[in-house]
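Sequential numbering from 1 along the given sequence is applied to the chain's residues.
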Amino acid sequence: MGDHLERGQHAVLNEGDENEMQSVKVHHLVESHNSITVSVCERKAGVQELESHFLVPGDLLILTGSRVQMPCDAILIDGSCVVDEGMLTGESIPVTKTPLSPMDSSAPWKMQCEADPRQHVLFCGTEVIQAKATSSGAVRAVVLQTGFNTAKGDLVRSILYPKPMNFKLYRDAIRFLLCFVGTATIGMIYSLCVYVLSGEPLEEVVRKALDVITIAVPPALPAALTTGIIYAQRRLKKRGIFCISPQRINVCGQLNLVCFDKTGTLTKGGLDLWGVVPCTRNGFQTIHSFASGKALPQGPLCAAMASCHSLILLDGTIQGDPLDLKMFEATKWEMTISGEDFHIEGVPAHTMVVKPRDTIGQTSVEGLAVLHQFPFSSALQRMTVIVQERGGDRLAFMKGSPEGVASFCQPDTVPTSFISELQIYTTQGFRVIALAYKKLETDCPATAMLREKVESDLIFLGLLILENRLKEETKPVLEELIAARIRTVMITGDNLQTAITVARKSGMVSEGQKVILVEANEATGSSSASLSWKLVEEKKHVPYGHQDNYINIREETSDNGKEGGYHFALSGKSFHVISQHFNSLLPKILINGTIFARMSPGQKSSLVEEFQKLDYFVGMCGDGANDCGALKMAHVGISLSEQEASVASPFTSKTPNIECVPHLIKEGRAALVTSFCMFKYMALYSMIQYVGVLLLYWETNSFSNYQFLFQDLAITTLIGVTMNLNGAYPKLVPFRPAGRLISPPLLLSVILNILLSLVMHVMGFILVQKQPWYSVELHSACTVKNESVFTWTTFPNVPEKIKSNSAFASFENTTIWFLGTINCIVVALVFSKGKPFRQPTYTNYVFVLVLILQLGICLFILFADIPELHRRLDLLCTPVLWRVYIIVMISSNFIISLAVEEAVIENRALWMAVKRCFGYQSKSQYRIWQRNLANDLSWPPINQTTYSDTQECGMGVSYSNPVFESNEE
């Protein structure tokens, strides 16, 4: 319908009920993603009534500024709004939404936005707290999307249907279960043959054959694998780490790369004003320190700090960005709303006004009314306001990144020492913001002035210095991760030099390691895209150039950068150019890329995905809404904030520092090893019972119900519940546990223990039949004083009820049951792993106590001559010597199994030697690239420039990751 609509035509829209159709007139067309939505002026809805209205795309909303949640995505076409975005689009503080500029072309409106299109959109879930109309008329917005097609709907969808996690552990578990099914099939065929040849009834044959399936396939396996995750989740909760996706805990044990946001994550979240460096045409002046307590001298610089912000006055309280708030408070000015008590000629009523306080004394500025605001954009890295002096000039003030603001200023107003002065503070880890201003013509309405015209030929005012220190926990945690051979990467939206400084101070880049700046430039005119490689040094000045190019560069170097290691540092702009024009170099850069600055939220998530394509298990730790995309994309997202980011990430830490990261990795490794231990134990328990039953089937016998219950409940269930109680080992070792069940050590462990159990059971089954006291007619073979053999007939006075008349009781049954039951206890002790990923087994007091009690009860049943107990369990009394033989067989099995586990299965040095002997090499993409780059003497290129049309054809990035699969476009 929308493709053929023209202005003035009528259309029929569905209001939600198939029987209710309404003809409306098209007054305004908005094109979004090449589809036309219709603005319906006939269906006006006040904001107060939006909750009860069923909206459709194209409805025109009249916004009055009441506090209400927007039930749709809408685009502002007239007037502005102050909204509280919450968790939806990035800000946890009130922000200003501006109207969409008039469109002259037919291109989609997103393509015509000069900055971030989101600054024009009211997202679903947005709380409108203030609506400001133009000189006449109401604040209007056009509905773009409703329901689950909105931003809030997309967020809810991502929570309900998260990205699939194709972890190898779970795939291998399915394959193992299929192996158990195959084994059960073999046993079923065997049992059918035995019982058919024995002439048993058909009903009995079928029942015995089906019993084998329930024995060979452990039904408690999923529950046993889950208990380790549940215990790990409880331990994490005690540390203030909350999890909404427990399956991710096992994935934490495989992390080998962790990305960190900088501000609020590695450094303290709150920025404090440290000082301001005023500027004149003669150069920079003496720094004004806010710690001195002296008021900032009045002038354009003070006026810029007082007016160039996004703060609002709400219910008598100033609200907005904390940085803007601190900057405004430092001026000692006050904020009010123009009205009867304060009026500026030509300024509409209810306009925000900032003015000096009376306590400051006589000043040249009586007040500034903010006429128009170009909000801050992360893409443009600046904001601008147009203000009107009371009885004076109309001015424009700009605030933003130093390199960005300087590019809009008159060259003669930017001091020649701009680069060196800026570097003095950025190299110390300070955050620097530049300020500029200009006088404007007063005859043109402020709202009609183009941004390009306002932001030109500015006068540079100076630098605002903000202090952002490392958190005390940052450096020790990063050192712990690096010592454990876990890569650490910084992804920040801050200045590149500041990011490099923080990386050095935090230990992410250690002493002796070099930082290579990778700078890419887009193709311009006849020249193709270029890529330059420069070695960063800290004390050499270079001429001012493009954004972030003020970093000191070492012009010459005598080595190739490999001595002591090297790290790549690049900006978001360079990352974008490399992704577009230098595909073959991207994986090479990512292998050693450590510092990524000036990254937009979309680039952060793209970078995480690129790391995943290299087969890294990626963790992302951040605290802001700008990190939400990366937190969702990573294998493990860790939010340090309980606000927006916590919705997108599976883990949220109540403690706002990165100490949670090593704790999470430790618990993940412990949970992963626990899952392997439980899997091995449950598999072996099933095989022990499976072998015992098949041996008894040879004699057309089996275990009784009580014997099955004793093994299943009293032994296996208690072990399954308590075996997982081991906590994580307090130290991170420099290697990870195996990430899959189908690995040589685990397979060898399971197969060897199955063979040992099979040999022990067969020996017991055969040897008991060769004993001199063995007879199928005897009900007991206990030894009396003259060591003769007796039966119940020897004692005619024994009550009949204690005589064993069970069809299951036999010497083979008794022997096999004791061997299998005690072996289940022994195997649990062998498979219960401690160091290096879990705390030692002896620290699991409950598990040790359970094993001691179980072993004591089994030995008591074995050696106690209590006829009633034997009758209940369908056992026969055997000579003491044979009981000792049973203990000897079990002890031998335990010693051999424990020796094999410790000397072979858990011997990492042995397996590494086997790998080297057979020339095995990891097939992970990042390992392949590391080996290729280690043999490349020309890498990394330093002080060179590569062009997109001359780059060598190398291995492209058309690789796939078998571990990470995404269903998102």
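- Minimum interatomic distance between Leu631 and Gly622 (heavy atoms only, all atoms of both residues): CD2-N, 4.1 Å.
- A donor-acceptor contact under 3.5 angstrom links the side chains of Ser510 and Gln513, judged on distance only.
- Of all heavy-atom pairs spanning Tyr616 and Arg487, the tightest one is OH-NH1, 3.0 Å.
- Between Leu255 and Ile486, the closest side-chain pair of non-hydrogen atoms is not below 4.5 Å.
- Atom CZ of Arg239 has 12 or fewer neighbouring heavy atoms from other residues, nucleotides or ligands inside a 6.0 Å radius.
- For the pair Lys666/Leu732, a side-chain contact is recorded, criterion being any heavy-atom separation below 4.5 Å from C-beta on.
- A donor atom on one side chain and an acceptor atom on the other are found under 3.5 Å apart for Tyr926 and Asn256.
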**Asked** Hey, mind stepping through Leu236 and Phe242 against side-chain contact (heavy atoms from CB on, under 4.5 Å) and telling me if it holds?
**Response** CA-CA 7 Å; Leu236 289 172; Phe242 301 93; over 6 Å; no
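- Side chain of Arg838 to main chain of Ala670: no donor-acceptor pair is present (N/O by atom type, distance under 3.5 Å, no hydrogens or angles).
- Trp533 places no side-chain N or O within donor-acceptor distance of the main-chain N or O of Thr946, the cut-off being under 3.5 Å.
- Nearest heavy atom pair, residue Val673 against residue Pro737, reads CG2-CB, 3.8 Å.
- Here the rule is side-chain hydrogen bond (donor to acceptor under 3.5 Å, both in side chains) with Thr227, and of Asn724, Thr722, Thr674 only Asn724 fits it.
- Remark: Lys588 is not positioned above the aromatic ring of Trp929, lacking an NZ or CZ atom under 6.0 angstrom from the ring centre and at most 45 degrees off the axis.
- Under the 4.5 Å side-chain criterion, counting only non-hydrogen atoms from C-beta, Ile249 is in contact with Gln233.
- Both tests pass for Arg908 against the ring of Phe735: distance under 6.0 Å to the centre and angle within 45° of the axis.
- For an aromatic pair to be called close, the ring centres must be under 6.0 Å apart, and Tyr566 with Phe568 satisfies this.
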**CA sep, side-chain torsions, deciding dist, call: Leu478, Ile658, side-chain contact (heavy atoms from CB on, under 4.5 Å)** = CA-CA 9 Å; Leu478 292 182; Ile658 63 173; 4.2 Å; yes
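- Side-chain atoms of Ser574 come within 3.5 Å of backbone N or O of Ala520 as a donor-acceptor pair.
- Ser832 places no side-chain N or O within 3.5 Å of a backbone atom of Ala828 that could act as its donor or acceptor partner.
- Using a 4.5 Å cut-off on side-chain heavy atoms (C-beta onward), Arg504 and Val515 make contact.
- Cation-pi check for Lys915 over Tyr920 is not met; the charged atom does not lie both under 6.0 angstrom from the ring centroid and within 45 degrees of its normal.
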**Prompt:** When you look at Ile591 and Gln930, which way does the side-chain contact (heavy atoms from CB on, under 4.5 Å) test go after all the steps?
**Reply:** CA-CA 7 Å; Ile591 291 300; Gln930 285 176 346; 3.7 Å; yes
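- Checked against the 6.0 Å centroid threshold, Phe837 and Tyr729 do not count as a close aromatic pair.
- In this structure, Lys604 pairs ionically with Asp261, as a charged nitrogen and a carboxylate oxygen lie closer than 4.0 Å.
- Across all their heavy atoms, Pro587 and Leu614 have their closest contact at CB-CD2, 3.9 Å.
- Within the 4.5 Å cutoff, the side chain of His567 has no heavy atoms near those of the Asn592 side chain.
- The aromatic rings of Phe596 and Phe611 sit perpendicular, their planes meeting at an angle over 60°, well past the 30° parallel limit.
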**Request:** Give the C-alpha distance, both sets of side-chain angles, the deciding distance and a yes or no for side-chain contact (heavy atoms from CB on, under 4.5 Å) between Lys833 and Glu906.
**Result:** CA-CA 9 Å; Lys833 303 298 179 203; Glu906 298 298 321; 3.2 Å; yes
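- Side-chain contact between Val509 and Ile500: absent, with no pair of heavy atoms (C-beta onward) separated by less than 4.5 Å.
- The pair Glu480-Lys475 does not meet the salt-bridge criterion, since no charged nitrogen lies less than 4.0 angstrom from a carboxylate oxygen.
- Contact check for Glu901 versus Ser749: side-chain heavy atoms found under the 4.5 Å cut-off.
- Minimum interatomic distance between Leu586 and Ser579 (heavy atoms only, all atoms of both residues): CD2-OG, 4.2 Å.
- Screening Leu481, Val489, Thr474 for a side chain to side chain contact (heavy atoms under 4.5 Å, CB included) with Phe260, the sole residue that qualifies is Leu481.
- Partner of Asp623 under the side chain to side chain contact (heavy atoms under 4.5 Å, CB included) criterion, chosen from Leu640, Ile638, Asn657: Leu640.
- The environment of Arg485 atom CZ is sparse: at most 12 non-hydrogen atoms of other residues, nucleotides or ligands sit within 6.0 angstrom.
- Nearest heavy-atom pair across Phe651 and Ser649 is O-OG, 3.0 Å.
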